[in-house]
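Contents: one structure, followed by commentary.
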Amino acid sequence: MNSKNHVLIVGSVAFDTVETPSGKVERALGGAAVYSAVAASFFSPVRMVGVVGDDFPQEHLDFLASRKIDTRGIQVVKGGKTFHWAGSYKGDMNQANTLATELNVFESFSPKLPGDYASSEFVFLANIDPDLQLHVLDQVKSPKLTACDTMNLWISIKRDALVEVLKRVDIVFINDAEARQLTGEINLTRAAARIHEIGPKYVVLKKGEHGAILYCNESTCFAAAPYPLDAVVDPTGAGDSFAGGFMGYIASAGELNDASIRRAVVYGSTMASYNVQDFSLNRFKKLTIKEIDGRYEEFKRIVFFEAIEED
Ligand code: AMP
């Protein structure tokens, strides 16, 4: 795919310690911005904003550069420690149990965008403190499209800042549990309607292994089927990969309309389905465009429901 539109992505850059029924990784490359930037990079050029300590290995930065991701917006703090998240999945692979969140360098981070970043057309505020998301939004000039993600922690402890973010974005990516927590509504259609009232025109409700639903101002625009995987190795970063694939595709399409937004949901689902097939970024490291297009076509066949004429 060929696009000149940049996707600007801010979010966590992390060491992740993750245990699932398939095994365990310690201090592996992770973070919401990393998963979404790598997923988006298969479709469009990406500019990243984040922070790491000087314990962050050069090989991780080299990997991001190998995906043609612009990392000038990643600050390296001398003597600082990189954000560390530890989590486990048991039984319900849709729900991570957070065992540790060490914000480290994120505690005193104030994102400052390199000059040319401010003109980015597409902006994705991946999961991070909503005050930092607002800080980035304040610095971009006139983006065509803005989107955000969040998580239960920020809904609990930074609700007001998060509501400010929601007032200012076009799209929110949110999972079912977070939508219920944010709105107090058990019914997801009502939860989506409450979120529309706060601000975003589009609510992309991620339902883990059950697919995703796109709500457009109180009506359902589109429902994407889940990809039927027989083994999920590590669900970490599925939501971020979904959002990154979605934003990367929309940026390559150049504009958001009824057709491009549906395709974006399916490309997002495609990227998430690949990501969960291995720990950390391991599946993305060997993923090809051909594989992405192949699974996208499979998705088409899965959701098509009118009679297919036999040749
Ligand atoms: P996901 O599985 O898509 O919800 O996101 C998993 C990623 O979120 C992991 O790589 C973590 O490093 C990152 N993460 C976990 N907790 C936080 C947090 N409080 N703020 C930002 N990122 C986080």
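One-based numbering, in listed order, for ligands and for the atoms of each. For the single chain, residues carry numbers from 1 onward in sequence order.
Ligand 1 has no N or O atom lying under 3.5 Å from any N or O atom of Met151, backbone or side chain. On a distance-only criterion, Asp240 and ligand 1 share at least one N/O pair closer than 3.5 Å. Of the polar atoms of Ile128, none of the N or O atoms is found under 3.5 Å from an N or O of ligand 1, judged by distance alone. In terms of N/O distances under 3.5 Å, ligand 1 is approached by Gly239. Here's the thing with Tyr35: none of its N/O atoms is less than 3.5 angstrom from an N/O atom of ligand 1. Annotation: Thr101 places no N or O atom under 3.5 Å from an N or O atom of ligand 1; distance criterion only.
Salt-bridge annotation for Asp138 and Arg168: present, with a side-chain N of the basic residue lying under 4.0 Å from a carboxylate O of the acidic one. Salt bridge present: Glu297 and Lys300 bring a charged side-chain N and a carboxylate O closer than 4.0 Å.
Distance from atom 16 (N) of ligand 1 to its nearest protein heavy atom, with residue and atom name: Trp85 CD1, 3.4 Å. Summary of contacts: the protein heavy atom closest to atom 2 (O) of ligand 1 is Gly237 N, 2.7 Å. In terms of protein heavy atoms, atom 21 (C) of ligand 1 is closest to Asn127 O, 3.3 Å.
Those atoms of ligand 1 that come under 4.0 Å of a heavy atom in Ala14, given as number and element, are 12 (O). Close approach of ligand 1 to Ser12 is summarised as follows: ligand atoms under 4.0 Å from at least one heavy atom of the residue are 13 (C), 21 (C), 22 (N), 23 (C). Taking every heavy atom of Leu153 and a limit of under 4.0 angstrom, the matching atoms of ligand 1 come to 19 (N). Atom numbering of ligand 1 starts at 1 in the shown order; those under 4.0 Å from a heavy atom of Thr236 are 2 (O), 6 (C), 9 (C), 10 (O).
Aromatic pair Tyr274/Phe284: ring centres not closer than 6.0 Å.
Below 30°, between 30° and 60°, or above 60°: for Phe83 and Phe106 the angle between ring planes is above 60°, a perpendicular geometry.
Contacts of Asp16 with ligand 1, taken as heavy-atom pairs under 4.0 Å, involve the side chain alone. Counting heavy atoms closer than 4.0 Å to ligand 1, residue Ala238 contributes backbone atoms (N, CA, C, O) but none from C-beta onward.
Distances from ligand 1 to the non-hydrogen atoms of Phe83 include at least one value under 4.0 Å. Put simply, no part of Phe106 is less than 4.0 Å from ligand 1, judged by heavy atoms.
If you check the side chains of Thr236 and Tyr89, you find a donor sitting under 3.5 Å from an acceptor. Between the side chains of Arg67 and Ser41, at least one donor N or O sits under 3.5 Å from an acceptor N or O.
Proximity of Val38 to Phe63: side-chain heavy atoms (C-beta onward) are separated by under 4.5 Å at one or more points.
Asp54 places a side-chain N or O within 3.5 Å of a backbone atom of Gly79 that can act as its donor or acceptor partner.
Tyr296 is connected to Leu229 through a chain of hydrophobic side-chain contacts under 4.5 Å among Ile, Leu, Val, Met, Phe, Trp and Tyr, so both are in one cluster.
Considering every non-hydrogen atom in both Ala251 and Val7, the closest pair reads CB-CG2, 3.6 Å.
More than 12 non-hydrogen atoms from other residues, nucleotides or ligands lie less than 6.0 angstrom from NZ of Lys158.
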